[in-house]
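Since the model is a prediction, treat every value here as computed from it, not as a measurement.
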Amino acid sequence: MVKNKYSKQLTEDLTNPAARAMLHAIGLDKEDLKKAFVGIGSTGYEGNPCNMHLNDLAKEVKKGVQDSGENGLIFNTIGVSDGISMGTFGMRHSLPSREVIADSMQTVVEGMSYDGLVTVVGCDKNMPGALMAMIRLNRPSILVYGGTINSGCHQGQKLDIVSAFEAHGQKVAGKITDDEFEAVVEKACPGAGACGGMYTANTMAAAIEALGMSLPYNSSNPALSDTKKIECVRAGQQVNELLKMDLKPSDIITKKSLENAVTLVVALGGSTNAVLHFLAIAKTAEIDFTLDDFQRINDQTPFLADLKPSGKYLMEDVHRVGGVPAVLKYLLKKGLLHDDCLTVTGKTLAENLGALKELAEGQDVILPVEKPIKESGHLSILKGNLAPEGSVAKITGKEGLKFKGKAKVYDGEFLANDAISRGEIEKGDVVVIRYEGPTGGPGMPEMLKPTSAIMGAGLGKDVALITDGRFSGGTHGFVVGHIAPEAQLGGPIALVENGDEIEIDSVTKSIKVLVDQKTLEYRKSKWSAPKLRVKNGSLFKFAKNVSSASQGCTTDR
C-alpha cells in the first residue's frame, strides 16, 4: 500500500520544486521526503484547563509518528472554553467553534497534502469538530482526547466545575457564606484536564472511543497521568499501521458503530449535546441517523452510571474501576453493543475488549443492568405543539417524569439569570428562555448558569426550564432544550406568554403549551422576528447558514 498517497504530489512531482525546497527548509532530508506526512492537529491553548496541556501531548504523538518511520507535523487550531464563556456573550461562539475547527483542520490537511491525521483535543466542541474533519477528509486518522481533570476538594467533598456554578446559587439563596463560595471557586479545578463529570467533554470522548475512532482507554486515562503520555505515543505509532492498511473513517463509522456510541452515552447518563453532535457527525458521514434513532436506543438502554451531574462520581472514578473499556465490555456481555464494528486498532470492538479487564469487583460507579438507576435512558426526544420538530430532555427520573406549570417567559438567557437572582422564580414555574437557538442566539448558547442557579437555590425538583438553546453536560434538573423550530424562525416557543400552562411528559414523549390552536395562530399573525444580535463576522455567517437543532446545527447544508 502506498502510504504517501497525498504528499507524493509534493515530494515526487519534479514540477513542484518549490514545495520540496520549503520542506527541506523545515529540516526534512531526501529520505524524509519518501515518508508519509501525518498532520497532528492540536487544539492546545493556554487559556483553558481542558486545553492547556494539549500542545505537550501533541509532541508525544509526534514522537510516536517519528518512531514509526513517518513525518509528524504539528499544527494548531482554535478552541473556546465553555466553562469560562458560560453566561456571557462569548458562549455564543462555542457551538460555532465546532464548525471552525472542522473547517480549519480540513483546510490544513488538504491544503498541505497530508496523508493522515491525529487530532489532540480537549474541550467540548473540539472532539466533534475534529471528528467531522476526519470524516470529510477520509484519510487514516485517530482522535486523542487530552483527558479528564483531577477532582478538587473542600471540607472532604469532591469538587468539579459545576460545584462552582451551583455554589453561586447556594450563595444567592443564603445557604453558604461568601467565604465558603470563594473557597469552592478556588479549589474546584486543580489543574489541567477537561471537566470531571459526565459532561460534554467526557461524554463525547467516551462515545468516540465506543465509535472506534480512538484507542482503548483514551477517554478515561486522566489528563496528567503517565498512561496518557504513553497512549499519545501509541496513537502516533498506530497511525502508521492505519496508513499501511489504508483504514479510513468511512471503514469505521457506520450506523452500527454510531448505535454503539449512543448506547454508551445513554448508559453513562451523558450530555444532551451528544444528540446535537452525533446528528452532525452522522450527516457529515452521510449516514441516516435521526432523532428517532436516539429515542429508539434510549428506550432499549438502561441508565447505569452514578456520575455527576445527577450522581456522585467523576470520570476519575470510572478510570479507577476499569475505565471505559471495562464499561464497554460489560455492555457487550449484556448484548447491548454490536461486536463486529472495526476500530482504529484494525481490530473489531470485541477483539479489542477480549483481553482487557472487566469492571472491578464490588464497585458501585456502574450499576448492574438488573438494578439500573433507570430502566430506560435519561434522554427523551419530546414532540408536541411546542416542538413540532422535536426537543431533547435530560430526565434521570430523580426529578420526576412529568411536569406541569405556568410559564415565566424571558427573551434571552441574561434576562432569565437576572430574574433568578432577584428571586422571581417560584415552585411550579416553567422558565422559558427563548431567542437562544442556533440562529437567534446566534450560536445556541448553553444554559448552565440558570440551571445551576435553580439547583443551587434548591428548586431543582420544583421548577422546569425549557429553551431553544442548549444545556451544558453539567446541567441537571427538569430541563428541555433544543426546541425546534426555534423562536427566531417563528417556532411555537416564540408564541408562549406569561401564565400559559405548559405540560412536559417524558413518558408520552410530549411537550405542549395548553393554549388552543386559534389563539396560537392569532399570536403568530402578530409576531415578527427580532433583528439578529450580530451584524458581521463568524457568528453572522453561522446564523445565515446553520441548520436546525433537529438536524445537528451544521453549516454544511
Side-chain angles (χ1 to χ4, degrees), residues 1-11 35-41 61 64-65 68-73 75 77 101-121 126-145 204-205 207-216 218 234-261 277-278 280-289 338-352 554 556:
M1 182 64 213
V2 177
K3 292 192 287 184
N4 63 340
K5 184 190 301 186
Y6 298 94
S7 61
K8 68 179 183 179
Q9 64 185 315
L10 306 179
T11 58
K35 302 172 183 176
F37 284 55
V38 176
I40 302 167
V61 173
V65 175
S68 71
E70 311 303 337
N71 297 304
L73 297 164
F75 66 92
T77 186
I101 290 165
D103 290 347
S104 60
M105 286 186 169
Q106 180 184 15
T107 296
V108 172
V109 173
E110 285 187 338
M112 299 297 286
S113 300
Y114 292 158
D115 303 295
L117 175 63
V118 182
T119 59
V120 186
V121 289
N126 301 176
M127 280 166 281
L131 187 58
M132 288 161 67
M134 291 173 173
I135 294 166
R136 292 178 194 171
L137 291 160
N138 205 31
R139 303 178 191 192
S141 303
I142 296 178
L143 183 142
V144 174
Y145 174 47
M204 290 306 298
I208 290 168
E209 185 173 329
L211 186 69
M213 285 301 297
S214 58
L215 294 176
N218 169 72
R234 282 189 56 225
Q237 294 167 339
Q238 183 60 26
V239 78
N240 185 33
E241 298 303 312
L242 298 183
L243 287 163
K244 288 178 186 176
M245 294 183 280
D246 195 30
L247 186 62
K248 303 178 293 294
S250 61
D251 302 313
I252 294 169
I253 301 171
T254 63
K255 183 146 190 175
K256 286 167 70 174
S257 67
L258 285 171
E259 289 175 342
N260 283 348
H277 296 323
F278 274 104
I281 289 161
K283 184 176 186 298
T284 305
E286 299 182 350
I287 296 169
D288 181 21
F289 200 84
H338 302 290
D339 61 0
D340 57 347
C341 296
L342 268 179
T343 74
V344 290
T345 65
K347 300 175 181 178
T348 66
L349 181 68
E351 288 170 336
N352 285 346
T554 66
D556 282 343

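Atom CD of E351 is separated from atom CG of D339 by 9.5 Å, given to the nearest 0.5 angstrom. We find the CE-CZ distance between M112 and F75 to be 10.0 Å, quoted to the nearest 0.5 Å. Here D115 contributes atom CG and L242 contributes atom CG; the two are 12.5 Å apart, rounded to the nearest 0.5 Å. From I281, atom CD1 reaches atom CE of M134 across 11.0 Å, with rounding to the nearest 0.5 Å. Summarising the geometry, atom CG belonging to L211 is positioned 8.0 Å from atom CD1 belonging to I252; distances are rounded to the nearest 0.5 Å. Rounded to the nearest 0.5 angstrom, T343 OG1 and I142 CD1 are separated by 9.5 Å.
When all heavy atoms of S257 and C341 are compared, the closest pair comes out as N-SG, 3.7 Å. Across L349 and N260, no two heavy atoms sit closer than the pair CD2-ND2, 3.8 Å. Counting all heavy atoms, side chain and backbone alike, L143 lies closest to N218 at O-OD1, 3.9 Å. Of all heavy-atom pairs spanning V144 and A235, the tightest one is CG2-CB, 3.6 Å. Closest heavy-atom contact between Q238 and G346: NE2-N, 4.4 Å. Residue V65 comes nearest to V239 through the heavy atom pair CG2-CG1, 4.2 Å, listed as atom of the first residue, atom of the second, then distance.
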Take L215 and V344 through the test side-chain contact (heavy atoms from CB on, under 4.5 Å) and record every step on the way to the result. CA-CA 7 Å; L215 294 176; V344 290; 4.1 Å; yes
Between M127 and Y145, is a side-chain contact (heavy atoms from CB on, under 4.5 Å) present by the stated rule, with each step listed? CA-CA 8 Å; M127 280 166 281; Y145 174 47; 3.7 Å; yes
Tell me, with the steps shown, if M245 and E241 meet side-chain contact (heavy atoms from CB on, under 4.5 Å). CA-CA 6 Å; M245 294 183 280; E241 298 303 312; 4.3 Å; yes
Between S113 and Q9, does the side-chain hydrogen bond (donor to acceptor under 3.5 Å, both in side chains) criterion hold? Intermediate values first, please. CA-CA 8 Å; S113 300; Q9 64 185 315; 3.1 Å; yes
Under the side-chain contact (heavy atoms from CB on, under 4.5 Å) criterion, do Y114 and L73 qualify, and how do the steps go? CA-CA 9 Å; Y114 292 158; L73 297 164; 3.6 Å; yes
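Between the side chains of E209 and S214, not a single donor N or O lies within less than 3.5 Å of an accepting N or O.
By the salt bridge (Lys or Arg N to Asp or Glu O under 4.0 Å) test, K256 pairs with D340, sequence neighbours left out. Looking at residues two or more places apart in sequence or on another chain, you find no side chain to side chain donor-acceptor pair (under 3.5 Å) involving K8. For the ring-ring contact (aromatic ring centres under 6.0 Å, His included) test, residues two or more places apart in sequence or in another chain that qualify with F289 are F294. Scanning for salt bridge (Lys or Arg N to Asp or Glu O under 4.0 Å) contacts around E110 gives an empty result, with sequence neighbours left out. Applying the salt bridge (Lys or Arg N to Asp or Glu O under 4.0 Å) criterion to D246, with sequence neighbours excluded, gives K5, K248.
In this structure, T345 contributes its side chain and K347 its backbone to a donor-acceptor pair below 3.5 Å.
The stretch residues 128-140 participates, sequence neighbours left out, in these salt bridge (charged side-chain N to carboxylate O under 4.0 Å, His left out) pairs: D103-R136, R136-D556.
Looking at N4 and F37, their side chains never come closer than 4.5 Å, going by heavy atoms from C-beta outward.
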